[in-house]
Amino acid sequence: MSEVLVIKKRKDFLRVAAKGKKVSALALILQAARNLSSQGNPPRVGYTATKKLGKAHIRNRCKRRLRAAVRIVFPTLALPDTDYVLIGRYNTAEIEFQRLVHHLKKALIEINRELSGNDKILAENIDSAADISD
RNA sequence: CAAGGCGGCCGGACAGCUGCGCUUAGGAAAGCAACAUCCAUAAGUGAGGAAAGUCCGGGCUUUAAGGAAACAAAACACCAGAUAACGUCUGGCCGGGGCAACCCGAGGGAAAGUGCCACAGAAAAUUACCGCCGAUGAAAUUCCGGUUUUCCGGUCCAUUUCAGGUAAGGUUGAAAAGGCGAGGUAAGAGCUCACCGCGAGGUCGGUAACGACACUCGGUCAAGGUAAACCCUGUUUGAAGCAAGACCAAGUUAGGAGGCUUUUUUCCAAAAAGAAGAAAGACAACGGGGGGUUUCCAACCCGCUCCAGAGGUAGGUCGCGAUGAGCCGUCUGGCAACAGUCGGCCAAGAUGAAUAGCUGUCGCUUUUAAGGGCAGGUUUUCGUGCCUUUUAGAGUACAGAACCCGGCUUAUAGGUCGCCUUGUUUU
RNA sequence: GUACCCGUAGCUCAGUUGGAUAGAGUAUCGGCCUCCGACGCCGAGGGUCGUGGGUUCGAAUCCCUCCGGGUACG
C-alpha cells in the first residue's frame with residue numbers, strides 16, 4: 001500500500017522523460033508516466049541531480065532531501081502503476097524543508113490530475129475505436 | 001604586550017522524531033539440503049584532511065609466461081642518505097632574499113657541434129667604422145751638402161700622405177673579451193710589475209657536493225648569453241588498465257578466399273605425379289600469430305589464418321576489504337627522513353551509488369542595534385574612544401570513498417598546542 | 001579510466017610553429033552624406049592575451065601549477 005520502489009535503470013528514466021508529463025515547482029521538477037506493463041505495482045520514483053546543481057556533495061544532498069520529502073508525501077498521494085522522476089533545481093539544497101514538502105505535494109496532485117485526464121482520453125479513444133470496429 | 005617565522009593537532013557537541021547501506025545472529029515460505037530471497041526483529045558498524053584535481057610512484061590483473069644487444073621515445077639531473085618506488089622526503093653544499101627566526105631555487109655540460117640574440121650601436125663574436133699613432137718602410141715638401149742655375153746626393157730635425165701599427169677611448173645595449181695603480185711605448189695593449197679577482201695543481205678538512213690556505217704555477221687570463229633552442233653526458237622506464245580480469249546465465253549470425261597431414265572416391269592412367277570431391281586429425285613436419293622497432297638465443301599459443309557478416313548496449317557472482325609497504329602506543333638506533341624490538345587493535349564497502357532528513361538546546365566567531373561602566377572634551381544637550389556582560393540579528397568552512405596504498409598540488413570558517421626571532425616595557 | 005583540444009576587444013576569429021607592432025571583421029560612439037533613417041565614407045574608444053609562478057635582457061608565444069569549457073574511445 002505505502003510501498004515506493006526506486007527507479008535505477010537509465011532506460012526507465014528516458015521513457016519517463018520522453019512520454020510522461022512534466023510539472024515544475026519552485027525547488028523541483030516532477031515528471032511522471034504511467035507504467036501499464038503489469039497491473040497492481042506500487043509507484044516507483046527516481047531522482048536526478050545534474051551537474052548544474054553543483055559539486056558531488058551538493059548533488060547528494062539534493063537527492064537526500066528529495067528522498068526525505070518523498071517519504072512524507074508519496075505513501076498517501078502517489079498513484080500505483082506510475083513512474084515518477086524528481087529532478088533537483090538550483091535551490092533544492094537551500095530551501096526550507098517545509099516549503100520543499102509543500103511544493104512536492106502540490107506538484108504531485110497536479111500531475112496526478114493530468115495523468116488521470118490522460119487516462120480518460122485514452123479510454124475514450126479505445127471506446128471510439130471499439131465503436132468503429134463495431 | 002606587539003609584529004613575525006616554523007611545526008603539530010582538531011575541524012562542531014548533545015537530545016528527540018523519522019529513515020538508509022553492510023556484517024552477524026534470529027525468524028518466515030518453498031525445498032532432501034545448501035545458496036539466493038524476504039522481515040515494522042535484535043546487536044554491531046558506517047566518509048576526509050584533503051575522500052578533490054588525476055600530476056607522479058607502486059601493488060594487483062591481462063598482454064609473449066624469458067634473456068642479451070642496439071636504436072627510438074619519454075622523464076629526470078648539486079652531494080649524501082631514507083624508501084617497495086618516486087619527479088617524494090630528510091640532512092648538507094652553493095646561489096639569492098630577509099635585521100633575524102627562516103624562506104626560495106628544473107642547481108649537469110656553452111674549451112663536441114649547430115642555431116638564435118629585434119631596435120640601438122663601430123662591433124652581438126676570432127669584428128675593425130671613427131679615433132690614436134705613423135717608431136719602421138716608401139713618397140713629397142722642407143732642410144743639409146755640392147753646384148751659376150737646371151740638377152745631383154743625403155734623411156739628423158720638422159710637416160703631410162700611404163703602407164701599416166693599435167684595441168686605451170667612442171651618445172648604444174640586458175650583455176662589449178678581468179679591475180685598479182705604476183712602468184712602458186710612435187701610439188697602445190697582461191706588453192711588464194704590485195695588489196685584488198680568475199684558472200690549474202698541491203696540502204689540509206669533509207663519505208661527497210664543496211670549503212680553507214701567508215703554498216706552487218699560469219698573462220695564447222683560455223675571449224658573451226641562451227640547453228624550460230636542437231643537442232651532449234649520465235640514470236630510469238615494455239604496454240594497457242578493476243569497464244583490468246575470472247566464472248555463470250541468456251540470446252543471435254552467412255558465409256567467402258587461401259592452406260598442412262593422413263585415408264578414401266572419381267578423371268587420366270601400368271604405376272607415380274597431377275586435377276576435382278568427401279571424411280578425419282594435430283606426435284612429428286608444415287603454416288600462422290603476437291613485445292615500440294631490429295638482431296640473436298631460448299620459449300609460447302593456435303590448428304587454422306585473413307576478409308566479411310549478425311546479435312547485443314552491459315544481467316549476475318567474484319575481484320572487493322578482517323592481514324595490509326595496516327593502525328595505535330612503548331623502548332632502542334639515527335641530527336633527521338626512517339628502521340627495528342615489544343604489546344595491543346581489526347576499522348565503510350556502495351554500484352541511479354548507503355553513511356542521512358528535520359527540530360530543539362548549547363558552544364564558537366563576528367560585527368551591527370539597544371543597555372551598563374570608565375576616560376577625557378563641553379555650560380548643558382551631545383558626540384568620541386575603550387571595556388564589559390545581557391538581549392536581538394548574522395555567520396559556523398572546503399568538501400562526499402568507488403580496487404588499494406605512498407606522495408605532490410589545489411580548496412578550507414574557525415579553534416588549539418609547542419618551539420623560535422625581532423622590538424618595547426617591567427623585574 | 002585513458003587520450004586530447006580550446007580560452008586573445010561586447011561577439012566571431014587571426015597572431016603562438018620560428019620570442020621583440022596585440023591585429024581583422026562585426027558591434028558601440030562621434031562626424032560627413034540625407035528632409036529623416038538605412039546603406040556608404042572618415043575617425044575614435046574599447047585588451048589583467050583565463051589564473052598564478054618560473055626561464056629569459058624581453059613571454060599572448062617556452063616550461064610548470066590551477067580555473068573554466070569542450071571532444072573522442074572503452
A correct dot-bracket answer for RNA chain C, with pairs being Watson-Crick or G-U at under 3.5 Å, [ ] for crossing pairs and | for inter-strand pairs, is (((((((..((((.........)))).(((((.......))))).....(.(((.......))).)))))))).
Given the rule in the side-chain contact (heavy atoms from CB on, under 4.5 Å) test, do A:L115 and A:T82 qualify, once you have shown the distances and angles that lead to the verdict? CA-CA 9 Å; A:L115 279 176; A:T82 308; 3.8 Å; yes
Q.
Nearest whole Å is fine: how far is B:C358 P from A:R99 CZ?
A.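 These atoms are roughly 15 Å apart.
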Opposite nucleotide pairing with [N], Watson-Crick or G-U, both atom distances under 3.5 Å:
N      : value
B:G211 : B:C204
B:G312 : none
B:A325 : none

Between A:A56 and A:I95, which has a closest nucleotide on RNA chain B that is more 5'?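 In this pair, the answer is A:I95.
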For [N] versus [M], give the span between their [atom1] atoms, rounded off to a whole number of Å.
N      : M      : atom1 : value
B:U161 : B:C133 : P     : 11 Å
C:U56  : B:G96  : P     : 15 Å
B:C398 : B:C17  : P     : 32 Å
B:G238 : B:A399 : P     : 39 Å
B:A397 : B:A350 : C1'   : 27 Å

Quick tally for nucleotides 352-357 of chain B: nucleotides whose base has a protein heavy atom under 4.0 Å get B, sugar-phosphate-only ones S, the rest -, giving BS-SSS
Taking only residues two or more places apart in sequence, or in another chain, which ones meet A:R99 in a side-chain contact (heavy atoms from CB on, under 4.5 Å)?
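In terms of side-chain contact (heavy atoms from CB on, under 4.5 Å), with neighbours along the sequence ignored, A:R99 is linked to A:L26, A:I95, A:E96, A:H103.
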- Indicate whether OP1 or OP2 belonging to B:G400 is found under 4.0 Å from a side-chain N or O atom of A:H57.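 Result: yes.
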Any side-chain heavy atom of A:L79 within less than 4.5 Å of one from A:R34?
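Yes, at least one pair of side-chain atoms sits under 4.5 Å.
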> Between A:Q98, A:K106, A:K105, which is the residue that forms a side-chain contact (heavy atoms from CB on, under 4.5 Å) with A:H102?
Replying inline: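 Only one option passes, and that is A:K106.
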